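Being a predicted model, the structure only gives us computed values, none of them experimental. The chains referred to below are lettered A, B, ... by the order of the sequence lines, with proteins before strands, and numbering in each begins at 1.
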Amino acid sequence: MDKVYDHKKVEDNIYKKWEEGGYFKPEVNPDGQPYSIILPPPNANAPLHFGHAMYVIEDILIRYHRMKGFAALWLPGADHAGFETQFVYEKHLAAEGKSRFDFDRDTLFKDIWEFVHNNRGGMENQLKKLGFSLDWSRLKFTMDEDIVKIVHSNFKKLYDDELIYRAKRLVNYCTFDGTSFSDLEVIHEERVSPLYYIKYGPLVLATTRPETKFGDTAVAVNPKDERYKKYVGQELEIETVLGKAKIKVVADEMVDPEFGTGVVKITPAHDFNDFEVAKRHNLPMKQVIGFDGKMNEHAGEFAGLYVKQARKAVVEKMQEKGLVEKIDENYVNRVGLCYKCKNILEPLPLEQWFVKMEPLAKPAIEAVKNPSASSGHIKIHPKSFEKLYFQFLENIRDWNISRQVVWGIRIPAWRCLDCISRHSGDDPPIGGVDARIKEGSWTSSPRFDGVEAGQDDRSSWIVTEGTAPEKCSKCNSNNLVQDTDTFDTWFSSSQWPFATLQTTQNEKLKTENDFERFYPTTVMETGYDILRWWVARMVMMGIYATGKVPFENIVLHGLVNDPLGKKMSKSKGNVVNPLALADEYGADAVRFSLVYGTALGNDQILSYPKLEASRRFTNKLWNMARFIEMKGVELSQKGHPEPVSVSNKIPDQVRNDGSRGSHEVRSDAVIARSETTWQSFETLTIEQLSNFATNPTDKEWILKVSNLVSEVTKNMETYQFNQVSEKLYEFVWHQFADIYIEDVKTRIDENSFTVLNSLFLILNSLLHPMMPFVTEEINSKLGGLRQLIVSQWPE
RNA sequence: GGAUCUAUAGCUCAGUUGGUUAGAGCGUUGCAUUGACAUUGCAAAGGUCAGUGGUUCGAGUCCACUUAGAUCCACCA
């Protein structure tokens, strides 16, 4: 053995052997109880970031259960990450001086598909580098045909159950990226927005958005406000920048008399609160900002200006006409931003598909609250995250699932152009979404503008399970057009646990899919930051689609921040590539340092000293093995028959199956149970070893190891991986090496040597889930009979 | 505005249901050592466990409040 452990010589070969041996498949333990984890699918096109290294927790669970004899399935997948990916691709296009508008829809889609597929191998290789024992034969992609089919059919099911509706509502719309978002995706930030006090006839009101005044359809005051009582219900004639206008005064509780002057302009098309007020008072909606971010024809002379320009121009004009009473330049408010391009989102009225969440949330709450819930019970670890889960589900809002991007699963909904034109009496407006888009290019689609705000527009749509309908069911016309929108990525990933299992092959059952055997899955492990985005939605969709919870346990880890404690992000440029660290310190050290010293669910700071300490630990372990191997050789040279490795030193009578270990058997480590030496020496029961030992100190250490095995096993079962790693680190190094080996060194004989070797291999096995490479290599150097990955967990 | 989390050694963090003298890594100081260990071993210094009050035979751990930091939700015209 080399003097220093060199992970670079070892890791790739070992991973290859595991993979070739088929050890990642649950079928290695054909009769085992099913244990399954679905990998949270990383973005197919982006390289792994440090958060992904936390998959180590899943690998630990899988390896531990595999060693325990479970049929352990860890199913890998990749997410198409719709908007994210299109955003990246558009940047890539921009670098070539092009934009998405240079392509038709099909070409753009095909190009992105290719782009993503060219990047995909990278992500998979990175996962392999970190040693993750994923069953690659079951790899899935969210855009796989069979997955898409399932997503489509569940959309149809939701639609038929009236849990999906189409409505014109205000959405958060990014006029730069050309798509809407769900509430969750909006980030809020404080900005200085001057507050303008504007004269509206006899009234003065305060607003940060004077440019939207052309869309005002009322002004509102608080019903209890004595100052304005006389105006309520009146129609005021006011002077505006575009001449005289009439405006209605309504009373609404929404108005805070303390703010500004206690008078609010109501712009239903461009403000969420105003939209609600408008619904209550039956006010008309007047859109004055287009989807291109420019003022439209209702803005008179300001038409064609971008919002920011228009604000300036409108204020100047108002000042000329003496309509501005004062301006509070330092006013700070919070604005919604696009999480991708950081531009201010515009609330705009748009027809979108929404999911009614309340009926879905109820059983999801029940599944966690009630241990005997009919859909099955889910436990959340650590338990404290239950509060967040309930808080989200109990206050849930309907989910906008349509996105105006091309890279995604297209919504299987069609409408009949003939029916629409008969209904509205006009040709449907074409290309209303984005005036920048030329007619005939990919986003220009018929958008029926005759829908009342908030109303479900079910009548004109035909929803299918994906196949295009041949003709309109009402008028038999074949003049049908599919919705151009695609699903929010999270809509497909919310179906991931069952969709994957319904589409992967089960070798054990000789059936088409794994669903029967592995659903509900055992554990969903992910960062707590996507508990609401993803985990809760999976619970809802899982229960809805299958009647069963998608997983029995939710295990949540914290975030890994940069060495200074700041959140890693591309824009800050402080992202650390886990692969670079694996290259430098070894995958085992990276893995170990991620679970050592951090309790589950807590954030951690990426620590180079900790990585170095972990690397030294792998080296320590390696040198302990080297010492034992050396002693074995010394003993054999002193005339003992064949004690090169301990497997030859185990007396036949203590071996359960009576077989004699040999390097030949080990190196092939066959899986078929019939021909294994399953009870090989490294998994002798403690009792057998204790009976075998003659020296009383050796017996003491056997007991110590035995106690450690039970403690560590208990910690494994309760997701206390920090305890597992800390206890093993302390014991292996500062007890076993510093005290026991130092002691046994001076009195080594054949019997003690066997005990030493056996105990060390037990410790080595305990470390395997966390540090799979070095332990596997050591196991083979010291004559383990099977590959460690498929050896039995010590007990 | 509502909620959650965190506060332990110089730094980064453990401390499982309350139970002797509160631990680790890194750093610091001293000694030893090329021995299985591009090192390792032995030893030392370093903590009123954020503060106040309470429950208890006993509190880092449970409760209340205070302070500081972080995060999330709602969103301000």
Side-chain angles (χ1 to χ4, degrees), chain A residues 1-6 183-184 186-188 190 193 195-198 205-210 212 219-220 252 254-256 258-267 270-274 277 331-336 382 384-392 394-397 528-529 531-532 558-559 561 563-567 592-593 595-631 634 711 714-715 717-720 722-723 725-727 729-730 733-734 737-739 741-742 745:
Chain A
M1 289 173 76
D2 292 344
K3 199 173 172 187
V4 175
Y5 171 63
D6 183 358
D183 300 313
L184 281 184
V186 179
I187 53 171
H188 293 273
E190 291 208 331
S193 323
L195 188 62
Y196 303 92
Y197 287 76
I198 302 168
L205 57 79
T207 179
T208 55
R209 301 209 58 185
T212 63
V219 294
D252 195 281
M254 177 272 272
V255 183
D256 173 9
E258 303 294 317
F259 186 92
T261 59
V263 185
V264 186
K265 67 193 206 55
I266 299 298
T267 323
H270 301 290
D271 183 281
F272 291 101
N273 279 322
D274 294 1
V277 174
Y331 182 71
V332 174
N333 72 347
R334 289 171 69 80
V335 293
S384 54
F385 284 106
E386 280 185 4
K387 285 173 198 160
L388 279 180
Y389 178 87
F390 291 134
Q391 187 187 311
F392 172 59
E394 280 160 7
N395 302 297
I396 200 158
R397 301 166 70 168
Y528 65 77
D529 53 327
L531 178 64
R532 289 167 306 122
L559 309 176
N561 293 322
L564 298 173
K566 301 265 185 258
K567 194 171 175 172
F592 193 81
S593 71
V595 289
Y596 182 96
T598 305
L600 188 68
N602 284 357
D603 292 351
Q604 61 176 309
I605 289 180
L606 177 68
S607 154
Y608 290 100
K610 195 156 94 176
L611 280 164
E612 178 56 20
S614 304
R615 189 199 63 77
R616 284 193 190 167
F617 184 48
T618 57
N619 195 49
K620 183 73 184 180
L621 202 64
W622 178 258
N623 274 286
M624 289 164 75
R626 189 165 160 243
F627 174 75
I628 291 169
E629 190 200 38
M630 218 180 66
K631 287 291 164 196
E634 272 174 30
E711 278 184 49
K714 197 181 145 205
N715 291 144
E717 297 287 343
T718 49
Y719 308 103
Q720 293 169 301
N722 61 318
Q723 292 296 313
S725 52
E726 285 159 42
K727 279 175 187 163
Y729 181 96
E730 207 282 329
W733 197 323
H734 300 299
D738 290 351
I739 303 174
I741 291 185
E742 288 304 318
K745 204 183 227 182

- Task: Report the stems of RNA chain B as range-with-range entries sorted by first number; a stem here is at least three consecutive pairs, Watson-Crick or G-U wobble, both distances under 3.5 Å, and write none if there are none.
- Result: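 B:1-7 with B:67-73, B:10-13 with B:23-26, B:28-32 with B:40-44, B:50-54 with B:62-66 - these are the stems of 3 or more pairs that involve RNA chain B.
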- Pairwise C1' distance, B:A44 and B:G27 [rounded to whole Å]: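 Their C1' atoms lie roughly 14 Å apart.
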- Query: Which whole number of Å gives the distance between the P atom of B:U61 and that of B:A50?
  - Reply: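 So the two P atoms sit 8 Å from each other.
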Counting the atoms with a prime plus P, OP1 and OP2 as sugar-phosphate, which does [X] contact under 4.0 Å by heavy atoms, base, sugar-phosphate, or nothing?
X	result
A:Met624	base
A:Arg626	sugar-phosphate
A:Asp738	sugar-phosphate
A:Tyr5	nothing
A:Leu388	nothing
A:Ala206	base
A:Tyr729	sugar-phosphate
A:Glu726	sugar-phosphate
A:Lys620	base
A:Thr208	sugar-phosphate
A:His734	sugar-phosphate

- Message: Looking at A:Tyr729, I'd like to know if the NZ or CZ of A:Lys620 sits under 6.0 Å from its six-membered ring centre while staying within 45 degrees of the ring's axis.
- Response: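 Cation-pi check for A:Lys620 and A:Tyr729: fails.
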- Item | Check: B:C37 base within 3.5 Å donor-acceptor of A:Lys3 side chain |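 In this structure, the two groups form no donor-acceptor pair.
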- Query: Considering only heavy atoms and no angle criterion, is a donor-acceptor pair shorter than 3.5 Å present between the side chain of A:Glu742 and the base of B:A36?
  - Reply: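 Per atom types, the contact qualifies.
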- Message: Applying side chain to side chain contact (heavy atoms under 4.5 Å, CB included), can you list everything that pairs with A:Pro563, at least two apart in sequence or on another chain?
- Response: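 A:Pro563: side chain to side chain contact (heavy atoms under 4.5 Å, CB included) contacts with A:Leu606, A:Tyr608.
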- Item | B:A14 phosphate, OP1 or OP2, under 4.0 Å from A:Asn602 side-chain N/O |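 True: A:Asn602 side-chain N/O within range (under 4.0 Å) of B:A14 OP1/OP2.
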- Message: If you compare every side-chain N and O of A:Trp733 against the phosphate oxygens of B:G25 (OP1, OP2), does one of them come in below 4.0 Å?
- Response: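 No, A:Trp733 has no side-chain N/O under 4.0 Å of OP1/OP2 on B:G25.
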